[in-house]
K.L.:
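Have a look at the structure that comes next, please.
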Number of protein chains: 2
Amino acid sequence: MSGTSEKVYVEIIKKIKTIIEEDDLQAGDKLPSERELTDRLHVGRSSVREALRSLELLGLIETRRGEGTFIKPATGHRLVEVLASFILHDQTARQDLLETKSIIIRDCIELAVQRVRPEDIEFLNGMIREIEQSEQERDLQQQIHRFQEAVIKLCNNHLLYRLWVELSDYGLSVHQHSFLLHSGECSQIVEHLKNGDSKNVIQLMSQNM
Amino acid sequence: MSGTSEKVYVEIIKKIKTIIEEDDLQAGDKLPSERELTDRLHVGRSSVREALRSLELLGLIETRRGEGTFIKPATGHRLVEVLASFILHDQTARQDLLETKSIIIRDCIELAVQRVRPEDIEFLNGMIREIEQSEQERDLQQQIHRFQEAVIKLCNNHLLYRLWVELSDYGLSVHQHSFLLHSGECSQIVEHLKNGDSKNVIQLMSQNM
DNA sequence: CTTTTTTTGGTGGTCTGACCACCATTGACC
DNA sequence: GGTCAATGGTGGTCAGACCACCAAAAAAAG
């Protein structure tokens, strides 16, 4: 045959991707059932399942027994968990990860200082006000995380932003510290952003990644 | 039951991880066969396969028909690849892609000029000699591509390198330019690398990405 | 008619058994 | 001793059978 050397389950993954594109399925939408895919693609159900289970482990889909298979909002989760648990002992990979994350942060901030608009500053200030009023410790951590995310997002490059998200999640599961900024540092970051001082923002954002 | 709400294939993944640790299996070593895992873990072969296929898609293991399943060197970072092919297409503006690629190239080169060793230079020179002797147009393009790859790889950060590969491949499929360097420019790159002149290398490497 | 209960059909979850294709080793044959 | 066919183990795939679960439809109760 013509290049049908690929394993069936990999082919199925591609087909599923095609189906998602053609039907314009969005996060939360339901995928065809395993049996329907079996019929449509003329393959065995076990092969379909191998494909779906792989995508599930990657965190791309979610299966609910008795209901169906659904597209997940694209955030690696278990993907990261599994990779981390398997690669944890590889010192080189760890080093690469830290370095790459640090670099990506720098890149994002450098773009951000160029592109930040007054309304962005105002938005960040709003977040800081909320953080200062926060009382629940749990809420606080979440809010600060959202703040960091918002800062990175200012790079105005969604791809780069996504890279940061993935690398962050990945790093988190490797060594689960979760030192976060305190609200004072958040304010400093906004100040430096306003002044176009990328160096200090990078320093603050990198210190406890 | 005792918290065995996890799906079987996920449990199997954990068990496999345990087996790897207990038997101290290294990259390249052979995993127990599917049938043996079926017996040892008291599960169906299809569940074992769902687990193995998932790990395979993550790039953590490699299966060779007729031989067995083997552990892959943990430098896979398949994370990037999968994200690229599956998630990137969700409205990633071409501009983001171009910008990100450009940034990654810059990052790689900046690391490369710090880390390049004399033998790397010698290796690159060898590639250039081959390029100059090349006669087939097709070979030439491939050789130059390998040259570019080798330069990026000098960053000595496999994760970053993989990011570049994926962005390049993805970009290729978006708009198939394939302007490549000519051999003279390759020589210039090596010269600038030797002199620690990252700026010029970046310029040359970025011009026709 | 509305509400509750039951039924039913569809879905994923798992296991089993059966082939096939491929590979490496074995062992017979020359 | 070297060559080549037979063999057993391995992954690759399919088909069918259950089970557990859920939601919507149908039936029963009010």
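All chains are named by letter (A, B, ...) in the order of the sequence lines, taking the proteins before the strands, and each is independently numbered beginning at 1. A quick note: this is a predicted structure, and the numbers were derived from the prediction, not measured.
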K.L.:
Heavy atoms, side chains only, cut-off 4.5 Å: are B/Lys7 and A/Thr63 in contact?
P.N.:
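Yes, their side chains come closer than 4.5 Å.
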K.L.:
Quick one: does B/Asp96's side chain have a donor or acceptor within less than 3.5 Å of a partner on A/Asn157's backbone?
P.N.:
no
K.L.:
Quick one: are B/Ile109 and B/Arg106 in side-chain contact, heavy atoms under 4.5 Å?
P.N.:
no
K.L.:
Sort out for me which residue in B/Arg40, B/Arg65, B/Arg45 forms a salt bridge (Lys or Arg N to Asp or Glu O under 4.0 Å) with B/Glu34.
P.N.:
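The single option meeting the salt bridge (Lys or Arg N to Asp or Glu O under 4.0 Å) with B/Glu34 is B/Arg45.
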K.L.:
Which nucleotide, C/dT14, C/dC15, C/dC22, lies nearest any side-chain atom of B/Ser46?
P.N.:
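Minimum distance to the B/Ser46 side chain belongs to C/dC15.
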K.L.:
Quick check for you: name the first and last nucleotides of DNA chain D, 5' to 3', having an atom under 4.0 Å from a heavy atom of chain B.
P.N.:
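Footprint of chain B along DNA chain D, 5' to 3': D/dG9 to D/dT13.
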K.L.:
For residues A/Ile103 and B/Leu111, determine if any side-chain heavy atom of one lies less than 4.5 Å from a side-chain heavy atom of the other.
P.N.:
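Contact flag for A/Ile103/B/Leu111 side chains = yes.
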K.L.:
Report yes if at least one side-chain N or O of B/Arg45 is closer than 4.0 Å to OP1 or OP2 of C/dT16; otherwise report no.
P.N.:
no
K.L.:
Taking the nucleotide of DNA chain C with the nearest heavy atom to each, does B/Glu67 or A/Arg35 sit closer to the 5' end?
P.N.:
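Final value for this comparison: A/Arg35.
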K.L.:
Flag the pair A/Leu193 / A/Leu124 as yes when at least one side-chain heavy-atom distance between them is below 4.5 Å, and no otherwise.
P.N.:
yes
K.L.:
Grab the CD-P distance between B/Glu62 and C/dC22 for me, whole Å please.
P.N.:
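Computing the B/Glu62:CD to C/dC22:P distance gives 17 Å.
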K.L.:
For C/dG13, take OP1 and OP2 only and decide whether either is under 4.0 Å from a side-chain N or O of B/Ser47.
P.N.:
no
K.L.:
Any base atoms under 4.0 Å from A/Thr69, or only sugar-phosphate, or nothing? Heavy atoms, all strands.
P.N.:
sugar-phosphate
K.L.:
Expressed in angstrom and rounded to an integer, what is the separation of B/Tyr9 atom OH from C/dG13 atom C1'?
P.N.:
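In whole Å, C/dG13 C1' lies 11 Å from B/Tyr9 OH.
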K.L.:
Counting any heavy atom closer than 4.0 Å, what does A/Gly44 reach on the DNA or RNA strands: base, sugar-phosphate only, or nothing?
P.N.:
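Counting heavy atoms under 4.0 Å across all strands, the contact made by A/Gly44 is with sugar-phosphate only.
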